[in-house]
Amino acid sequence: MKLNSLSKHYIADNKELSVLKEFSLEVEKGTIVALLGPSGCGKTTLLRLIAGLEKADGGEVTLEKEEEGPVSFLFQEPRLLPWHNVLTNVELVLRPFIKDRKERIKEASKFLEMVNLLQYSRFKVDQLSGGMRQRVAIARAFAFPANLMLLDEPFQSLDQEMRLSLIKAYLTLWEQYRRTTLFVTHNITEALLMADTIVRLSKKPMGVLDTTKIDIPQRERSLQDPHLLYLMGELHP
Amino acid sequence: MKLNSLSKHYIADNKELSVLKEFSLEVEKGTIVALLGPSGCGKTTLLRLIAGLEKADGGEVTLEKEEEGPVSFLFQEPRLLPWHNVLTNVELVLRPFIKDRKERIKEASKFLEMVNLLQYSRFKVDQLSGGMRQRVAIARAFAFPANLMLLDEPFQSLDQEMRLSLIKAYLTLWEQYRRTTLFVTHNITEALLMADTIVRLSKKPMGVLDTTKIDIPQRERSLQDPHLLYLMGELHP
Amino acid sequence: QELQREEVVVKMGVMQGPSGFGTIGLNRNEGYLNSNTRVEMSVYPSPNEVVARLVNGELDFAALPTNSAANLYAKGVGIKTVATVGEGMLMFLTNDTSIKNWDDLANRKISIPGAGSTPDQMAKIITTALGFDYESDIELDYSIAAPAQVAQMLIAEKISLAVLPEPFVTLTLNSNKNVSLLLNIQELWQALTGSGNYPMTVIVVSDKFVENHKELLPVVMGAIEESINWVNSEPSEAALLIEEVGIMKAAMAAPAIPRANLVFRRSKEGKEAMDVYFKVLYGFDYTSIGGELPDEGFYLDY
Amino acid sequence: MKGSTSTTKIIVVLSTLLLLLVWQLGAVLLDAEIILPRVGPTLAKFVQLVKQPPFSLNLLATVGRALKSFLIIFVVGGVLGVLAGYSEKLRAFLVPFLLLCKATPVMAVILLAFIWFSSGAVPLFSAFLMGFPAMYIQMAEGVGLISQPLQEMTQIYRFSKRERLFHLVIPSLAPSIITGAKASLAMVWKVVIAAEVLTVPRYGVGSRMQLAQVHLETAEVLGWTLIAILLTALGDLLFLAILKLPKKIGQAYRRRRYEAQLPL
Amino acid sequence: MKGSTSTTKIIVVLSTLLLLLVWQLGAVLLDAEIILPRVGPTLAKFVQLVKQPPFSLNLLATVGRALKSFLIIFVVGGVLGVLAGYSEKLRAFLVPFLLLCKATPVMAVILLAFIWFSSGAVPLFSAFLMGFPAMYIQMAEGVGLISQPLQEMTQIYRFSKRERLFHLVIPSLAPSIITGAKASLAMVWKVVIAAEVLTVPRYGVGSRMQLAQVHLETAEVLGWTLIAILLTALGDLLFLAILKLPKKIGQAYRRRRYEAQLPL
Ligand SMILES: Nc1ncnc2c1ncn2[C@@H]1O[C@H](COP(=O)(O)OP(=O)(O)OP(=O)(O)O)[C@@H](O)[C@H]1O
Ligand SMILES: Nc1ncnc2c1ncn2[C@@H]1O[C@H](COP(=O)(O)OP(=O)(O)OP(=O)(O)O)[C@@H](O)[C@H]1O
Ligand SMILES: [Mg+2]
Ligand SMILES: [Mg+2]
């Protein structure tokens with residue numbers, strides 16, 4: 001995927017707020033890219049532009065052939081359908097792909113199992129805690145057979161243990177399909193464990209501060225690894 | 001504050017879900033207590049019980065005299081008034097305490113400065129990014145002159161730098177008034193830097209796994225401190 | 001001993017339409033009958049309101065459909081009838097040239113303005129007398145309630161048969177040459193009952209007024225009689241007054257006055273015709289006169 | 001509005017009794033049976049009316065008209081409202097028509113209705129004109145309140161038109177549908193009866209009312225009015241039942257309330 | 001509904017023209033001037049009516065009545081609605097009264113109104129009965145849609161009653177207030193004119209209509225109808241202006257929409 005001098009501005013408080021100005025970034029096909037940046041710098045805006053939810057003022061997004069088609073977007077908020085239960089929320093996005101209802105429920109349940117919510121399948125959305133909602137959204141995003149993954153702070157409001165287990169689960173999935181993945185995070189550990197490339201962003205208008213490539217295959221990484229620890233130190237503010 | 005065998009259950013999916021069962025905890029007056037626990041274990045429910053937003057099925061909350069009166073509750077979601085701008089959202093909670101409008105705006109601005117949003121004072125809530133909203137909520141909760149602070153994942157969706165600076169800011173405030181503070185977090189670093197006591201919680205029904213006291217005064221703590229690093233290792237899952 | 005007594009205001013209510021024509025002459029001298037008696041006339045759009053005000057005691061005199069007067073009396077409202085001021089003036093009209101005779105009415109739809117009104121009752125009485133069962137042999141349609149609108153539809157030839165009162169009869173005949181008189185209800189009534197025309201409008205007076213101002217009764221009634229005579233003799237002048245109080249445009253009222261059968265008959269003289277009328281109504285639909293024939297007390301002579 | 005608990009039921013009964021008391025007091029003070037009969041005679045008349053043989057015919061005729069109008073309004077108003085909610089152009093296109101509906105006095109239209117339709121259709125037509133705007137506006141405004149983020153979500157996850165309709169639009173609109181339908185139905189009862197009073201069809205509550213009115217049988221008029229009130233009450237109860245019974249709609253309603261309760 | 005752009009304006013004009021065309025076609029086909037005159041003569045009559053001297057008196061009388069009824073409905077319906085939204089007991093207490101409003105045929109009430117008030121008050125009274133439920137229901141349901149989390153927030157941060165009203169309740173209710181007020185106002189125009197037709201006060205658009213009707217001046221009836229339509233249109237424009245002008249309300253309205261758009 002290539003982001004080619006994207007520009008985007010908003011009007012707020014009677015002033016023009018330039019969020020992106022000729023922002024360019026190249027993302028290698030099939031890799032995971034972590035985006036780190038201060039709050040309000042424009043990360044969500046960038047993902048929305050890529051997903052086509054927002055129109056850029058200038059510039060363009062070029063996708064590789066394998067990246068075209070359905071996009072999975074894990075929004076910064078869970079965005080669940082409040083009138084459905086947990087299972088239906090996940091199962092619904094599988095409808096175009098799995099015609100058989102039983103099969104579909106089985107597939108959805110697999111992902112609910114992954115986020116450890118299988119026993120809450122029949123709970124209504126308003127009966128869940130904040131973290132549980134986020135996990136349903138994760139199950140939905142991961143279950144959707146997309147060619148491109150955009151994840152906006154995917155593991156926020158989850159405890160450390162759940163975080164690590166979901167990272168592992170995602171990596172297993174990713175190794176299977178090698179979907180290009182962009183994910184926004186504020187957690188350096190997360191970035192170190194998952195990303196092929198870590199991109200640090202600056203504010204106003206958003207620009208690339210630095211790019212760090214990590215050559216260790218994801219499944220071999222460990223937080224005890226001195227190279228990763230070194231990188232962590234480097235990346236810390 | 002004493003939590004005395006609190007019980008709370010919900011009805012969901014036609015079943016009874018016991019969230020708290022005879023849960024007891026003692027919190028020393030004027031200290032900061034961090035609550036760590038898996039997603040969905042009942043942390044938010046506990047804070048809501050203390051704040052009086054939910055009624056316990058049994059047990060009671062006993063407050064010290066200094067803890068009675070106004071409570072500041074930083075909800076898990078920002079809960080801002082969408083028809084007001086950033087400044088008004090903060091300024092409104094100061095009305096009963098500062099009669100003079102100019103004074104009040106000055107005070108509110110001080111806290112907006114703290115969360116680094118002063119220049120966004122006139123932005124409407126729907127023009128903010130997720131992290132910016134959270135920061136407005138933080139400014140409001142900190143500005144409110146409460147005798148008891150309940151913070152539900154206060155620094156979620158903020159970048160590392162902002163997190164550290166807000167922790168510092170809160171500690172400065174806290175040293176001034178010594179308000180008893182309960183805060184929920186999934187971030188062990190946060191807990192280590194802020195808490196006098198770290199309470200780890202278990203699930204179903206919620207119970208205290210273990211309690212760790214940290215005797216180093218907050219302002220002397222550093223992430224390089226081997227004792228803290230040791231504790232971090234201990235607390236990691 | 002012509003002392004300047006306090007002025008007496010006599011409140012009179014009439015309905016919009018031809019029943020309000022006769023008394024219009026009372027307005028000539030701003031309502032003053034003499035130096036200290038003044039008639040204050042109000043025109044109400046529907047009989048309902050006249051009834052309400054009468055029951056409420058706000059009116060001393062009122063012009064009412066004859067059967068409504070009997071109905072009120074039967075229900076114990078303190079009123080009496082003092083004179084008949086209007087007689088029948090209803091016609092069957094048609095714009096369908098294929099309808100020439102009364103027996104052509106079979107299976108036709110006849111538009112009647114106002115269910116339960118005098119046109120409705122007369123239509124039922126007459127068609128029954130002609131040998132129809134109005135429930136099945138013909139169709140009485142009430143879906144256009146206002147006589148003006150029925151006239152409108154007849155002129156526009158959107159309906160073909162209707163029963164209409166004056167002045168709409170005159171208006172319709174003048175507006176569309178295809179419209180013709182099919183049946184004169186009055187003539188049929190006379191043939192049927194052997195009596196004269198039926199009383200359609202009466203003047204009633206409240207018992208309270210009779211009690212308090214018995215001496216004024218002849219004054220007021222005399223003025224009404226004089227007014228009716230004046231209206232009948234000077235239709236175009238009367239029409240101007242009619243327009244002024246908001247009953248109807250002069251141009252429409254003037255040609256209709258001569259055909260509106262405005263009369264003045266003291267109750268003593270009119271009682272016979274009323275008796276016949278009430279008996280027939282009683283046989284047809286006794287609720288329309290309150291369930292019983294009015295007794296002697298209904299008629300007041302002065 | 002929650003299901004009635006026993007307290008609220010008692011309050012409803014008490015306040016009904018209070019109204020009856022006010023009526024009785026008014027009647028005693030007025031002391032004119034022809035204008036306002038007392039409660040006793042009216043209720044007696046009411047019972048008599050209900051027992052009289054053509055009662056069910058009159059009732060069914062009115063109920064039939066009302067339900068027919070209501071169904072037409074519900075479908076036409078619902079569909080047009082949703083479409084107009086999405087298309088600013090359709091909304092603009094319908095502005096004059098809606099104005100016409102809202103502003104044209106029934107009287108001015110009755111003649112045209114009489115010509116275009118059979119006379120029996122006049123109540124239907126008037127009811128449509130009066131009831132349509134309520135439903136339409138509720139739906140059009142309801143569409144504007146559909147959650148934009150959820151809309152984006154269905155877009156991203158490629159919901160088909162059908163799925164979007166059933167899993168986003170209809171559940172989101174449930175409260176609007178119910179408010180609109182309730183308002184329209186209440187309107188429809190009233191207008192149908194009023195139109196019956198005006199056009200006096202062979203059978204109908206309004207026809208009976210009109211005749212009773214002409215005959216100055218006030219107790220009967222009030223008796224029929226009571227029947228009209230009970231019909232309306234029945235309609236309301238039906239909606240409460242709808243809110244309770246079919247889980248989907250009811251839940252959607254409650255859930256939409258919840259959704260509206262989400263903070264920033 | 002966004003402010004009208006030039007495209008939507010053009011569409012409104014076109015659709016108005018279309019309606020006029022339909023009218024003209026209908027008139028030509030019917031070919032009965034007395035029932036449906038053509039567009040030209042009607043517009044001519046309209047212009048003539050507007051120029052005639054007592055025009056403004058008639059207009060002002062009707063507008064006065066409508067605004068008076070509307071204000072009463074707005075205040076009474078608004079306040080009672082909000083209170084009923086909070087108190088299930090008040091809601092239950094008002095159930096019978098509301099039923100009465102919704103179900104009692106205007107005809108049955110007009111008689112009583114004749115007696116209790118001067119006939120000038122009959123339009124006010126009828127308009128109140130017809131328009132009150134729309135406002136009340138909107139407000140009562142609107143209260144149910146006030147964000148529970150924000151309500152909790154104001155509780156925690158100890159907002160005074162006054163502050164809660166101005167910073168939570170009223171902004172949250174803004175869309176309900178506007179929908180309710182629009183619905184009521186539309187109803188009020190119609191009912192006031194209908195009541196004027198029935199009671200024929202000295203001045204009033206409805207009175208003129210009734211007289212024109214009696215005189216079979218159909219063009220004049222339609223001319224007055226046009227005036228009624230324009231009045232209603234004016235009311236709608238006023239609401240659009242209110243939505244645009246005072247920043248607070250307008251923004252609250254838009255923001256409430258945004259709030260409703262928040263996902264779980
Ligand atoms: N209104 C409700 N109805 C039914 N169940 C509820 C309700 N609110 C919370 N629960 C349940 O109570 C449990 C605890 O919820 P709570 O929000 O306290 O969790 P938490 O510890 O704050 O989790 P998180 O870290 O994810 O926010 C969850 O299992 C949740 O499903
Ligand atoms: N609709 C809008 N109108 C005006 N300004 C907006 C709008 N949406 C976003 N912005 C502004 O754009 C900037 C970037 O927002 P964005 O949501 O992309 O930030 P972010 O990097 O995702 O931040 P966070 O980590 O806090 O989520 C912010 O300053 C915000 O105020
Ligand atoms: Mg963001
Ligand atoms: Mg929580």
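Within every chain, numbering begins at 1; the chains are lettered A, B, ... in the order of the sequence lines, protein sequences first and strands thereafter.
Using a 4.5 Å cut-off between heavy atoms, A:A141 touches chain D through backbone and side chain atoms alike. Of the atoms belonging to D:F159, it is side-chain heavy atoms, and not backbone ones, that fall under 4.5 Å from chain A. Heavy atoms closer than 4.5 Å to chain D are found in both the backbone and the side chain of A:S72. With a 4.5 angstrom heavy-atom cutoff, A:F75 touches chain D only via side-chain atoms.
Top candidate by heavy-atom pairs under 4.5 Å with chain D, chosen from A:G69, A:A146, A:A51, A:P96, is A:G69.
A:L49 CG to A:T44 OG1: the interatomic distance, rounded to the nearest 0.5 Å, is 11.0 Å.
Residues D:Y157 and A:F144 bring their aromatic ring centres within 6.0 Å.
Looking only at atom types and distance, the side chain of A:E190 has a donor-acceptor partner in the side chain of A:T185 under 3.5 Å away. In this structure, a donor-acceptor pair under 3.5 Å is absent between the side chains of D:Q138 and D:T179.
Using a 4.0 Å cut-off between charged side-chain N and carboxylate O, A:R178 and A:E66 make no salt bridge.
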